[in-house]
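Lettering of chains follows the sequences in order, A, B, ..., and the numbering in each one begins at 1.
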2 protein chains.
Amino acid sequence: MSAARALELSKQFKAIADPNRLRLVSLISSSDGSEACVCDLTEPLGLGQPTVSHHLKILVDAGILHREKRGVWAYYSLVPGALNTLADVLSESR
Amino acid sequence: MSAARALELSKQFKAIADPNRLRLVSLISSSDGSEACVCDLTEPLGLGQPTVSHHLKILVDAGILHREKRGVWAYYSLVPGALNTLADVLSESR
DNA sequence: ACTCGATATCGATATCTATCAATGTTTGTG
DNA sequence: CACAAACATTGATAGATATCGATATCGAGT
């Protein structure tokens, strides 16, 4: 694996290598319609709103979540295939 | 996903969420006999021996690598199934 | 236009992390 | 036993990160 490829992948793995962000991804994927807004996510995580927004931004910047603003609410959903790419990397190194 | 489970998984994801450690796993898995000693890993990574030992320890502590001392050399290999578990977690959240 | 509610951004801080130089430990060899 | 090689550990430091409080932005309704 090239250093460049490793750096690229590590950015995505870093994004999910946090307990609260893992729970965010899990909560969103199991939400109704596979999307959720920030207000639905602060309470189950026990974190403040700015902190949740911060984590969501990291996941969006890493290409793992998609953000769609509808009215006052921001809806977050999984980017199709993003996690599969990471899963494949791990599966290939068995 | 429970907070405890998320914390447990995040420790393993943190272990591989580093470009040098991703390359270590890749190098080891593609090595002859699927194992490598520290002396084989410092040069391709361009890191010092203590730094490589540090990264390997993190991967061992996370349950991703196995360490076997034979003579003066320490041979590192993948723990069977460890990466598959992580891959499955990602696949389940599609 | 004004206000309110939802979300994002900013600033600060405490904690963690990666790296290296130096040193310690262990194993094989003469 | 002394020495050398492979590896681990320690100490120090610079950089990254998580969290929070305060503030800014943005859209909806009155």
Next on the checklist: Output the rounded distance in Å from CG (Asp18(B)) to C1' (dC16(C)).
Outcome noted: 13 Å
Checklist entry - Checking all strands, does His54(A) fall into the base, sugar-phosphate, or nothing category for heavy-atom contacts under 4.0 angstrom? => result base
Checklist entry - If you check the Leu47(A) side chain, which of dC20(D), dT26(C), dT7(C) turns out closest? => result dC20(D)
Checklist entry - Phosphate oxygens OP1/OP2 of dA8(D): is one of them under 4.0 Å from a side-chain N or O of Ser53(B)? => result yes
Checklist entry - Roughly, in whole Å, what's the span from CG in Asp61(A) to P in dA8(C)? => result 11 Å
Next on the checklist: Just the rounded figure in Å: distance from P of dC7(D) to CD of Glu68(B).
Outcome noted: 13 Å
Checklist entry - If you pin Gly48(A) and Cys39(B) to their nearest nucleotides in DNA chain D, which one's is more 5'? => result Cys39(B)
Item to check | Residue Val38(A), side-chain atoms from C-beta onward, closest of dG5(C), dA18(C), dA8(C) | outcome: dA8(C)
Next on the checklist: What is the distance, to the nearest angstrom, from the CG atom on Leu45(A) to the C1' atom on dT7(C)?
Outcome noted: 16 Å
Next on the checklist: Can you identify which nucleotide, out of dA6(C), dT19(D), dA18(C), has its nearest atom closest to the Val72(A) side chain?
Outcome noted: dA6(C)
Next on the checklist: Applying a 4.0 Å non-hydrogen cut-off, can you work out what Ile58(A) is touching in the nucleic acid: base, sugar-phosphate, or nothing?
Outcome noted: sugar-phosphate
Checklist entry - Any idea which heavy atoms bring Ala17(A) and Ala17(B) closest together, and the distance? => result CB-CB, 3.9 Å
Checklist entry - When you measure from the side chain of Cys37(A), which nucleotide among dT17(C), dT7(C), dA8(D) comes out closest? => result dT7(C)
Checklist entry - Tell me: CD1 of Ile16(B) to P of dA18(C), nearest whole Å? => result 13 Å
Next on the checklist: Quick check for you: among dG27(D), dT19(C), dA8(D), whose closest atom lies nearest to any side-chain atom of Tyr76(B)?
Outcome noted: dA8(D)
Item to check | Whole-Å gap separating P (dA18(C)) and NZ (Lys57(B)) | outcome: 14 Å
Next on the checklist: Given dC7(D), dT19(D), dA8(C), identify the nucleotide with an atom nearest to the side chain of Arg67(B).
Outcome noted: dC7(D)
Checklist entry - When you measure from the side chain of Thr51(B), which nucleotide among dT19(C), dA8(D), dG28(C) comes out closest? => result dT19(C)
Next on the checklist: For the backbone of Leu90(B) and the side chain of Ser93(B), can you confirm whether one donor and one acceptor N or O come within less than 3.5 Å of each other?
Outcome noted: no
Checklist entry - Closest to the Arg21(B) side chain: dA18(C), dT19(D), dC7(D)? => result dA18(C)
Checklist entry - Would you call Arg70(A)-Glu35(A) a salt bridge at under 4.0 Å N-O? => result yes
Next on the checklist: Just so I know, are the side chains of Arg21(B) and Ile16(B) near enough to count as touching, which here means a heavy-atom distance under 4.5 Å?
Outcome noted: no
Checklist entry - Toward the 5' end of DNA chain D, which comes first, Pro50(A) or Lys69(A), by nearest nucleotide? => result Pro50(A)
Item to check | Ser30(B) backbone acceptor or donor facing Ser34(B) side chain under 3.5 Å | outcome: no
Item to check | Nearest-nucleotide pick for Trp73(A), side chain only, options being dT7(C), dG28(C), dT19(D) | outcome: dT7(C)
Checklist entry - How many Å lie between CG on Leu24(A) and C1' on dA18(D), as a whole number? => result 13 Å
Checklist outcome for this item: Rounded to whole Å, the NE2-C1' distance (His55(B) to dC20(C)) equals 11 Å
Checklist entry - Is there a donor and acceptor pair closer than 3.5 Å between the side chain of Gln49(B) and the base of dA6(D)? => result no
Item to check | Atom NZ of Lys11(B) with >12 non-hydrogen neighbours under 6.0 angstrom | outcome: no
